[in-house]
Amino acid sequence: MKRKLTLSCLLVCALVAQAQVQQPDSLNREETYMDSLYQTLPEVMVMGERPVVKAEDGKLVYDLPRIISDKPVTSIYEAIRELPGVTENGGSFMLGGRGATVVLDGKVTTLSPEQLTALLRSMPANRIKNAEVMYNAPARYQVRGALINITLNKQTDGTWPIQGEVMGKVEHRHETTYQQRISLLYNKGRFSADLLYSHDHGRQYGGHSSISHHTLADGTVHDIQTHQENHNRFHDHSLRLGADYAWTDKHRLSLVYNTDYAPSHTWAVLSGSVEGSSAYDQSHRLHNLRADYELPVGLKAGAEFTYYKAPSTQKHDSNLWEESQLHYLIHDDQQINKWKGFLSGEHKLGNDWSINYGAIYANTLDKSYQYYTKTDESSADLPDDKSVRKREQRLDLYAGFTKPFAKLTLDASLDAEHYKSLVWDQWKLYPNLNLTYQPNNTHFLQFGLSSNNSYPDYWSMAAYTSYMDGGYSEIIGNPTLKPINDYLLQLVYMLHSKYTFVLWYDHMDDFFTQTLYQRSDRLVLNYKYLNSDFYDQIGLQAAIPVKPFKWWEGRITAVAVYNRQKDSDFYDLPYDRHIIWTMLNLRNTITLSKKPDLTMQVNGMVRTTAIQGTYDLPSTYNLDWQLRYRFLNSRATLTLWAENIFESNAISPRIRYHGQWIENHYPDFRSLGISFSYAFGGYKAKQREAVDTSRFK
């Protein structure tokens, strides 16, 4: 019997291998069932596992709908968190130790990271077709650095031209917030359109406490304690409308319109060494329109316009010290008008050569102001009124090529950028190189070399002064702030289409971050963005899937980083600091029942102590729990969750450096929530863009 069993196993393995040779690549192919074989070999059952990722043209293409099919995921944002190798950091995504740009349908927009995050959280996960991951995106993608491209599914299932989903969510994090969302998809013939509307509203609670031992130049030490509580009431209306008309697969016109309107009212109470109160009214309005045209000859053209406006009014009263009071009314506003256009081409030549080229032009006009008015004659002097009108222009010209050599592929490009503003007028070159070795469909080794730059947001470069902590803290703009120059060497290895390892060295000149400094001439804390000499990282990341049981699937992501930061002219306290920090992330999906369809997810994270300038960032950990129940033929989904269960995820930085001594504490609350969604019109869960305002206020 043992010999028969061995022969049976060999026969099954041979037939499975033959089937894989006959159908090598498609992630979307139907499963092949060999009923007759199973009938003749009842004592043997070989269970295969279709890979969820394939390497293609130097990128990793993930079957993201299949990855999240058994997970309690409701939005595209939550789906991206399930990609192997992706970690989340403060609402943004990290890939191989650096920030990753997320785009939709390959279209790089001018939405800010915050606005893009809001859009991704509002889009249903069943709109996803697949996800393309590039640890080092070539210039033809018009993104420098790591890239996650989410391809949206624009096809209905054919039974009904209109399909959609409605969703409602309630979340309690000290205060209660609500979300209502509707998503519609229309497809008929060559035309497709989609509509998304979401409304977030409710109340939020926040604030912070600080203890400061403030040493002045005369040697006196002042102990200052402050405690501030913020209460916020807000509404956020978001609308996205997209339309595509395709003459052929490579001849398409696309239009996308995004708009967002978010008014809010915040009132704050300050106690301790400084007493006071403030009321803050703010709203922001966003309009973004983009048009893309693709031709069969390999040419693409596009144009985009963004209008952003964020007016606010603040009334403030505080007793700073016995001899100083602040009583003022402040009006400020930021208005951004941004135009962007591009033309690109990709062509295949003989002997497997491919070339790409393009031009991108962006013109930004920033009009902003800040006006102070005293509401009481006893108030201390206030900053002068200021208004700014700044124009920024960027022109990118790039060219590149791709050439395969058997199992080796070379992808190289060079981007020449001209950046002009009131302060800077310069040309810079940004080379990019990817050398990919792929011996088979399940192994992938890529060496990448890239360069990049990062620009500060517009408000931080304006010469404005704002008050915090009743006037004890001053937030000061820096008009001479330089952009960051970033250089990266990276090695990515994927084993058996499952295990992903990344090794990198990242060097950043003129790295900037907001720093805190206790002044020695007066009792004031300065918060200001400053450039440092450099910021270095050497890191290693491993993403390892685990499946101890058929009903339990998990993934371990481990990160270890050596970090060095140096600033030789940081006020009178130059620093050269370094540290090794680690992070461990574990995601677990447990299938409690198939009928009824009940799934649970338990996720945990722990990170050791890190640094940022003169700050020490204490270690943090986190535990999240989710439960999903699908019913009514998987059209209805009910999700319960508890996030940050131990209220241990907030980072409360502190400074103990050469006479500087301060502790900040930020409140941390667990989140409890419930959501319900219903798909209609044939919208099947198994089938599964936004705008760069990252530098806006």
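What you see is a predicted model, and the numbers here were worked out from it, not measured in a lab.
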Look at the side chain of [X] and the backbone N and O of [Y], then say whether any donor-acceptor pair between them is shorter than 3.5 Å.
X	Y	value
S648	Y621	yes
D506	Q537	no
D194	S183	no
R555	P545	no
R81	V73	no
Q541	G85	yes
N187	S192	no
D624	N644	yes
E132	K59	no
D281	T313	no

Look up atom [atom1] in [X] and atom [atom2] in [Y], then write down how far apart they are to the nearest 0.5 Å.
X	Y	atom1	atom2	result
N585	I556	CG	CD1	10.0 Å
L239	L195	CG	CG	6.0 Å
W551	K594	CH2	NZ	13.0 Å
N230	T266	CG	OG1	7.0 Å
Y493	L503	OH	CG	14.0 Å
H284	D236	NE2	CG	5.5 Å

Testing the 3.5 Å rule here: is there a donor-acceptor pair between the side chains of [X] and [Y]?
X	Y	answer
Y77	E88	yes
H208	D469	yes
T151	N130	yes

Is any side-chain N of the basic residue among K169 and D200 closer than 4.0 Å to the acidic one's carboxylate O?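 Salt bridge absent between K169 and D200.
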
Can E78 and K71 be counted as an ion pair, charged N to O under 4.0 angstrom?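 Salt bridge flag = no for K71 with E78.
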
pair [X]-[Y]: side-chain heavy atoms closer than 4.5 Å:
X	Y	result
S209	Q225	no
Y666	P653	yes
I611	D616	yes
Y141	T101	no
W641	E171	yes

For a quick test of reading the model, state the closest non-hydrogen atom pair linking [X] to [Y] and the distance between them.
X	Y	answer
W625	V602	CD1-CG2, 4.0 Å
G99	A146	O-CB, 4.0 Å
S283	P263	CB-CA, 3.8 Å
Y615	Q514	CE1-O, 4.2 Å
D668	A650	OD2-N, 2.8 Å
V86	I80	CG1-O, 3.7 Å

Can you label the angle between the [X] ring and the [Y] ring as parallel, tilted or perpendicular, going by 30° and 60°?
X	Y	value
F191	Y186	tilted
H287	Y257	parallel
H174	Y205	parallel
H496	Y499	perpendicular

Derivation of the side chain to side chain contact (heavy atoms under 4.5 Å, CB included) call for H172 and F669: CA-CA 9 Å; H172 184 79; F669 306 107; over 6 Å; no

Could you go through the side chain to side chain contact (heavy atoms under 4.5 Å, CB included) check for S75 and R181 one step at a time? CA-CA 11 Å; S75 69; R181 181 181 77 198; 4.3 Å; yes

I would like to know whether L95 and L147 meet side chain to side chain contact (heavy atoms under 4.5 Å, CB included); could you show each step before the answer? CA-CA 8 Å; L95 192 62; L147 173 66; over 6 Å; no

Side chain to side chain contact (heavy atoms under 4.5 Å, CB included) for L592 and L627? Distances and angles first, verdict last. CA-CA 10 Å; L592 300 177; L627 181 68; 3.8 Å; yes

Applying the side chain to side chain donor-acceptor pair (under 3.5 Å) test to H201, which of H235, Q180, R233, Q179 qualifies?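 Answer to the side chain to side chain donor-acceptor pair (under 3.5 Å) test with H201 among H235, Q180, R233, Q179: Q180.
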
Which pairs pass salt bridge (Lys or Arg N to Asp or Glu O under 4.0 Å) with one or both residues in residues 597-606, sequence neighbours excluded?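 Pairs touching residues 597-606 that pass the test: D597-R628, D597-R630.
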
Using the test salt bridge (Lys or Arg N to Asp or Glu O under 4.0 Å), find all partners of E229 that sit at least two apart in sequence or belong to another chain.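 Scan of E229 (salt bridge (Lys or Arg N to Asp or Glu O under 4.0 Å), adjacent residues dropped) gives none.
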
Applying side-chain hydrogen bond (donor to acceptor under 3.5 Å, both in side chains), name anything that partners T639, two or more places apart in sequence or on another chain.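 Scan of T639 (side-chain hydrogen bond (donor to acceptor under 3.5 Å, both in side chains), adjacent residues dropped) gives none.
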
